[in-house]
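What follows is a single structure, written as structure tokens, with notes after it.
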Amino acid sequence: QGQLVESGGGLVQPGGSLRLSCTASGFSLNYYAVGWFRQAPGKEREGVSCISSNDDTTYYANSVRGRFTISRDNAKNTVYLQMNSLKPEDTAIYFCAAHFLMSGQAICVRTGGYDYRGRGTQVSVSS
């Protein structure tokens with residue numbers, strides 16, 4: 001039975017950086033699109049950044065483009081989200097999800113029905 005586990009969240013000051021990790025166990029991420037999503041209280045879920053299953057094409061929400069970078073390490077069965085220049089409005093629970101043979105843009109706009117989904121990690125940006 002496969003699962004995704006996120007790590008790397010925490011409290012950081014505005015302008016700081018964090019790197020989130022999404023590690024799969026029980027299956028290989030090689031043929032899966034992976035997305036990072038966030039959910040803040042009172043706000044809709046947002047697809048933040050996603051990577052395609054076949055050619056690693058990346059997709060970013062306008063709110064994070066130029067500040068966040070998604071990447072994958074197949075050897076470690078892990079997808080990363082490097083978050084720089086963090087702002088208070090980036091505060092949210094971040095979770096990752098994976099779906100078999102899908103583009104990055106497609107998984108980023110998906111609101112549910114993922115093949116796998118992690119439980120999430122809290123990111124708080126505050127001085």
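Residue pairs meeting the side chain to side chain donor-acceptor pair (under 3.5 Å) criterion with at least one member in residues 5-17, sequence neighbours excluded: S17-N84.
Under the 30°/60° scheme for interplanar angles, the aromatic rings of Y32 and F27 are found to stand perpendicular.
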Derivation and outcome, side chain to side chain contact (heavy atoms under 4.5 Å, CB included), residues D115 and M102: CA-CA 11 Å; D115 289 336; M102 181 171 284; over 6 Å; no
T91 vs Q122, side chain to side chain contact (heavy atoms under 4.5 Å, CB included): CA-CA, chis, key distance, verdict: CA-CA 8 Å; T91 295; Q122 176 70 46; 4.0 Å; yes
field: L86 and F68: CA distance, side-chain angles, deciding distance, side chain to side chain contact (heavy atoms under 4.5 Å, CB included) verdict
entry: CA-CA 9 Å; L86 283 162; F68 290 10; 3.9 Å; yes
- request: Check step by step if side chain to side chain contact (heavy atoms under 4.5 Å, CB included) holds for R110 and C50.
  value: CA-CA 11 Å; R110 199 173 181 92; C50 300; over 6 Å; no
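Note on Y116: it clusters hydrophobically with F100, by side-chain heavy-atom contacts below 4.5 Å among ILVMFWY residues. I107 and I51 are not part of a single hydrophobic cluster, where members link through side-chain heavy atoms under 4.5 Å apart. Hydrophobic cluster membership is shared by V12 and M83, with clusters built from Ile, Leu, Val, Met, Phe, Trp and Tyr side chains linked at under 4.5 angstrom.
Using a distance-only test at 3.5 Å, with no hydrogens or angles considered, a donor-acceptor pair links the side chain of R72 to the main chain of L29. At distances below 3.5 Å, at least one donor-acceptor pair connects side-chain atoms of S52 with backbone N or O atoms of G104. Within the 3.5 Å criterion, the main-chain N or O of Y94 finds no donor-acceptor partner in the side chain of T121. Side-chain N or O atoms of Y114 include none that pairs as donor or acceptor with a backbone N or O of V34 at under 3.5 Å. R45 places a side-chain N or O within 3.5 Å of a backbone atom of T111 that can act as its donor or acceptor partner. A donor-acceptor pair under 3.5 Å is absent between the side-chain atoms of D73 and the main chain of T78, judged by distance alone.
The minimum heavy-atom distance between L4 and C22, with the atom names listed, is CD2-SG, 3.9 Å. When every heavy atom of G47 is checked against every heavy atom of A61, the shortest pair comes out as O-CB, 3.5 Å. Between F95 and G118 the shortest heavy-atom distance is CB-O, 4.0 Å. The shortest non-hydrogen separation linking G113 to H99 is O-CE1, 3.3 Å. The minimum heavy-atom distance between L81 and S49, with the atom names listed, is CD1-CB, 3.8 Å.
Considering only heavy atoms from C-beta on, C96 stays 4.5 Å or farther from V79 through its side chain. Within the 4.5 Å cutoff, side-chain heavy atoms of R38 are placed close to those of V64. Side-chain contact between R67 and D90 is present, with at least one heavy-atom pair separated by less than 4.5 Å.
Checked against ring pair (Phe, Tyr, Trp, His ring centres under 6.0 Å), Y59 has no partners two or more places apart in sequence or in another chain.
A distance of 12.0 Å separates CD of Q82 from CD1 of I70, quoted to the nearest 0.5 Å.
Cation-pi geometry between R65 and Y60 is not satisfied (NZ or CZ under 6.0 Å from the ring centre, within 45° of the ring normal).
Alongside L11, the hydrophobic cluster contains no other residue (criterion: ILVMFWY side chains under 4.5 Å).
The number of heavy atoms from other shown groups lying within 6.0 Å of OH (Y31) does not exceed 12.
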